[in-house]
Engineer: 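Next up is a structure, given as structure tokens.
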Amino acid sequence: MRSRIELDNAIAAELAGSEDAVLRALEGHLECAVYLRGNVLTLEGDDTAVEAGAAVIRELSDLIAQGHEIAPGTIEAVTQALDQHESPANILEDVVWRHRATKVAPKTVNQKRYVDSIRHNTITFGIGPAGTGKTFLAVALAAAALSRREVNRIILTRPAVEAGERLGFLPGDLMAKVDPYLRPLFDALHDMLEPERVSQHLERGVIEVAPLAFMRGRAQPLSCGVLTPSGFRPIGTLRVGDLVIGCNGHPTPVIGVYPQGRKAVFRLRTQDGASTLCCSEHLWHVSTPEDLRRGKPGRVLETRQMMGRLRRMRQRRFALPILSAPAEFPARDVPIDPYALGLLLGDGCLTTTTTPTFATADPELASALESSLDGIELRRKGGVDYVLRHVEGHRGGVIVANPVTTGLRELGLAGTRSHTKFVPEVYLHNSAAVRVALLQGLLDSDGGPVSQKGRTCRIQYTTCSERLRDHVAYLVRSLGGIAYARRRVALGRAPGLAGGRPVHHRHDAFVMDLCLPVGLEPFRLRRKQDLYNRSGGGRPMRFVDAIEPVGEMETVCIQVAAADSLYVTDDYLVTHNTLNDSFIILDEAQNTSPEQMKMFLTRLGFNSRVVVTGDITQIDLPREQDSGLVVISEILEDVEGIEFVRFGEEDVVRHKLVRRIVAAYNEHAQRSAPELRPRKRA
């Protein structure tokens, strides 16, 4: 059969190609003879071959008319698509990423399936030989997602175990050691973005390129505290299923615990004196002044990415999140009303050697204290002093225990003085209503608003008890506020006056400046409340102030189920430990162990996408070690949201010789002993 097709001159020129390269590729893929004279293309051969050839020519003509450049590889893509009853235009027109003259699009049916899977699934596995575009297409999709702000960061990682080599024996620093393993990822990045943009993204942490072993280490020392509904617990004692407190104050379960071994540890401090320990790769959700000014949600940075960049023009750069709502603890019964206890801790005499007394110049406070204590009446003793008497305990009546004295003894406060007072644990870890009432009592007695012209009102609290100072800071932080404290030493201070006589200070005083979230009333005393409401209390903000090395410690990292992946650590610092809003690519995954693969996949955060690529015929692990990629394909094959795309020799888009090499190896593997075929290691 002979078929003649008349073409447009421009289309005929494209089908010929430079030095007839496209025409020769066309002859190699069609089973009929092809002749091109001027703008007339002739096909000769049996009926089936000529019809198939005509279909290929029509598809190529349509692609040229739509502006596609035809190369020898395009012929193969078109013929493969037609063989699998797919539209070549749907494949070749699906442009993943454009950068200057670079246009990235799938070239085979499997590559199109791979691209669609990455777009529609949370986790995609691309398994197949080298040269099939697995990594290149994934990096292109990552660059596109970052440019559209669908993700906040790109993480590219590889297991640093290849051909029996070990990083420790290679020369140079860490980057010099891992550069040979990560070079293909760097090359793909530079094909997608300007070199200056890549460097900028790497510096800011928008793009992270690291060996898998280093990416896993978001960790804290075993002794670091994590807030739970029953109080702080060492992170090393937490197990999967335990509850911890998230940024919203609600409990959230621990869904992963990953020991990290011995690591270099740093102490991160904030401007209000709070601090905790973490490794250099530990994650923090921070907001810069630019983020706050533009209303952006912030970004996730590692500890090491903030080192040396904590200030700009003397302004602190990195603001940490604060509890968005009071931490929720189970409600517990208390022996003394929390507001009344706050007043007594401030201006009460709790020695219990005599009937408890209370000193105040505000009749409103005396009335409030009396109404808060059942069975107690306040009898004026003289001046500003009141005695807390039992209503049934008058002289000559029945002898009964004073309920305030009984409560103080039960709480361990009996016998405490101004410099030894404290807040009992049952009040520190109680419902938010109890903690607020206790704080209001403390501030109504020993605190007050401090107004400044042109500024919001700050709250000041003073105590001689170092322990009470720490407990007040704990209460404020548990409610979503911040607390600063400074010491005023007793030695050398001007004495106070009592009845016109000088009284020298015996103990240091601690002056605290407090800032509480909007909507939380710090006072019940009307005159203090009115002054505070007139000026407003401002907004609590916490900035990273210093990061200092402290040595090496055993560490662990946890993953929590909270949507924002935030949990509360020491001093109510809110920290982050999962990869949210990220596009994560694990390349050469055949060289991971099953444990590494599980660790990697379970670190997946919300609104993230993961692409895992590898070739199970090129495993460089020791013979006795299982490949994580082989094992995981057996475990997750039928899990919803995960898709496996397997490439073959027909998907190789590099030099045609690469395809022949892959085919030869596959044929050899089929003929050879079973132990040489791709399999799970024994």
Side-chain angles (χ1 to χ4, degrees), residues 269-275 316 322 341-350 359-362 365 384 416-423 427-428 435-436 438-498 502-517 520-525 527-529 531-532 534-543 545-546 571-573:
R269 300 182 186 273
T270 57
Q271 91 285 5
D272 62 333
S275 71
R316 295 183 179 92
I322 297 176
L341 181 63
L343 293 176
L344 292 173
L345 286 172
D347 289 331
C349 177
L350 311 182
T360 181
D362 280 296
L365 281 188
V384 297
T416 57
R417 299 182 180 273
S418 62
H419 64 286
T420 60
K421 291 177 179 178
F422 63 92
V423 177
Y427 290 85
L428 286 176
R435 302 199 310 276
V436 170
L438 176 65
L439 183 63
Q440 289 172 334
L442 289 164
L443 296 179
D444 277 350
S445 55
D446 273 348
V450 179
S451 59
Q452 295 174 280
K453 186 176 181 180
R455 301 186 66 179
T456 55
C457 185
R458 59 191 172 92
I459 304 167
Q460 194 168 88
Y461 176 79
T462 306
T463 180
C464 291
S465 169
E466 188 170 1
R467 193 175 176 190
L468 186 55
R469 174 204 64 184
D470 295 339
H471 288 170
V472 170
Y474 190 97
L475 286 172
V476 170
R477 290 166 176 169
S478 76
L479 297 171
I482 58 174
Y484 302 82
R486 62 184 186 276
R487 181 191 292 263
R488 294 174 61 192
V489 296
L491 185 63
R493 278 170 55 196
L497 294 176
V503 178
H504 293 276
H505 300 282
R506 296 182 179 181
H507 304 286
D508 293 350
F510 301 97
V511 182
M512 305 184 71
D513 291 315
L514 314 176
C515 186
L516 293 169
L520 196 153
E521 293 291 345
F523 305 104
R524 291 189 187 180
L525 188 61
R527 64 180 177 83
K528 293 183 179 181
Q529 183 180 0
L531 179 58
Y532 181 78
R534 278 200 300 270
S535 301
R539 180 180 59 170
M541 295 191 71
R542 204 174 225 179
F543 291 89
D545 189 61
D571 293 337
Y572 282 88
L573 289 168

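Remember, it's a predicted structure, so these values are computed and weren't measured experimentally.
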Engineer: Name all residues meeting the side chain to side chain contact (heavy atoms under 4.5 Å, CB included) criterion together with Leu525; count only those two or more places apart in sequence or in a different chain, and write none if there are none.
Structural biologist: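 With sequence neighbours excluded, Leu525 shows a side chain to side chain contact (heavy atoms under 4.5 Å, CB included) to Asp362, Glu364, Leu365, Asp444, Arg527, Lys528, given in chain and number order.
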Engineer: Please report the shortest heavy-atom distance between Pro522 and Leu443, naming the atom on each side.
Structural biologist: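 Distance-wise, the nearest heavy atoms are O-CD1, 3.6 Å.
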Engineer: Work out which heavy atom in Leu479 is nearest to a heavy atom in Pro517; give both atom names and the distance.
Structural biologist: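 Closest pair (atom of Leu479, atom of Pro517, distance): O-CG, 3.4 Å.
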Engineer: Under the ring pair (Phe, Tyr, Trp, His ring centres under 6.0 Å) test, which residues partner Phe422, sequence neighbours left out?
Structural biologist: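 Ring pair (Phe, Tyr, Trp, His ring centres under 6.0 Å) list for Phe422, sorted by chain: empty.
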Engineer: For His505, check ring pair (Phe, Tyr, Trp, His ring centres under 6.0 Å) against everything at least two apart and list the hits.
Structural biologist: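 If we apply the ring pair (Phe, Tyr, Trp, His ring centres under 6.0 Å) test to His505, skipping adjacent residues, there are no hits.
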Engineer: Got Leu475 and Tyr427 here, is their nearest side-chain heavy-atom distance under 4.5 Å?
Structural biologist: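 Sidechains of Tyr427 and Leu475: no contact.
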Engineer: Taking all heavy atoms of Cys457 and all of Ser451, pick out the closest pair and write down the distance.
Structural biologist: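 Smallest heavy-atom distance, with atoms named: SG-N, 4.2 Å.
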Engineer: Restricting to salt bridge (charged side-chain N to carboxylate O under 4.0 Å, His left out), what partner residues turn up for Arg487, sequence neighbours left out?
Structural biologist: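 Testing Arg487 for salt bridge (charged side-chain N to carboxylate O under 4.0 Å, His left out), a comparison that skips the adjacent residues, returns Glu466, Asp508.
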Engineer: Mind checking salt bridge (charged side-chain N to carboxylate O under 4.0 Å, His left out) for Asp571 and listing every partner two or more places apart, or none if nothing turns up?
Structural biologist: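 Per chain and number, Asp571 pairs via salt bridge (charged side-chain N to carboxylate O under 4.0 Å, His left out) with Arg477.
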Engineer: Mind checking side chain to side chain donor-acceptor pair (under 3.5 Å) for Thr270 and listing every partner two or more places apart, or none if nothing turns up?
Structural biologist: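 For Thr270 the side chain to side chain donor-acceptor pair (under 3.5 Å) partners, ignoring immediate neighbours, are Asp272.
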Engineer: Among residues at least two apart in sequence or on other chains, which ones pass ring pair (Phe, Tyr, Trp, His ring centres under 6.0 Å) with Tyr572?
Structural biologist: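 For Tyr572 the ring pair (Phe, Tyr, Trp, His ring centres under 6.0 Å) partners, ignoring immediate neighbours, are Phe232, Tyr474.
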Engineer: Please list, chain by chain and in numerical order, all residues satisfying side chain to side chain donor-acceptor pair (under 3.5 Å) with Gln529, sequence neighbours excluded.
Structural biologist: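 Once residues adjacent in sequence are excluded, Gln529 has no partner under the side chain to side chain donor-acceptor pair (under 3.5 Å) criterion.
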Engineer: Looking only at heavy atoms, which two atoms of Ser445 and Gly346 are closest? And how far apart?
Structural biologist: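 For Ser445 versus Gly346, the nearest heavy atoms are OG-CA, 3.4 Å.
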Engineer: Heavy atoms only: give me the nearest Ile322-Arg542 pair and the separation to one decimal.
Structural biologist: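 For Ile322 and Arg542, the tightest heavy-atom pair comes out as CD1-N, 3.9 Å.
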Engineer: Looking at residues at least two apart in the chain, or sitting in another chain, which of them share a side chain to side chain donor-acceptor pair (under 3.5 Å) with Arg486?
Structural biologist: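 Residues passing side chain to side chain donor-acceptor pair (under 3.5 Å) with Arg486: Asp513.
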Engineer: Give the minimum heavy-atom separation between Ile482 and Gln271, together with the two atoms involved.
Structural biologist: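 It is CD1-NE2, 4.3 Å.
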Engineer: Using side chain to side chain donor-acceptor pair (under 3.5 Å) as the criterion, list what pairs up with Glu521, not counting sequence neighbours.
Structural biologist: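 Scan of Glu521 (side chain to side chain donor-acceptor pair (under 3.5 Å), adjacent residues dropped) gives none.
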Engineer: Return the set of residues passing side chain to side chain contact (heavy atoms under 4.5 Å, CB included) with Thr463 (not counting sequence neighbours), or none when no residue passes.
Structural biologist: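 So Thr463 forms a side chain to side chain contact (heavy atoms under 4.5 Å, CB included) with Tyr461, Ser465, Leu468, Arg469, Phe510.
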Engineer: Excluding sequence neighbours, so at least two apart, what forms salt bridge (charged side-chain N to carboxylate O under 4.0 Å, His left out) with Arg524?
Structural biologist: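 Scan of Arg524 (salt bridge (charged side-chain N to carboxylate O under 4.0 Å, His left out), adjacent residues dropped) gives none.
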Engineer: Heavy-atom distance under 4.5 Å between the side chains of Asp446 and Thr462, does that happen here?
Structural biologist: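 The answer is no; the side chains never approach within 4.5 Å.
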Engineer: Please answer whether the main-chain N or O of Tyr532 pairs with a side-chain N or O of Ser535 as donor and acceptor at a distance below 3.5 Å.
Structural biologist: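 No, the answer is negative, given that no donor and acceptor are paired below the 3.5 Å cut-off.
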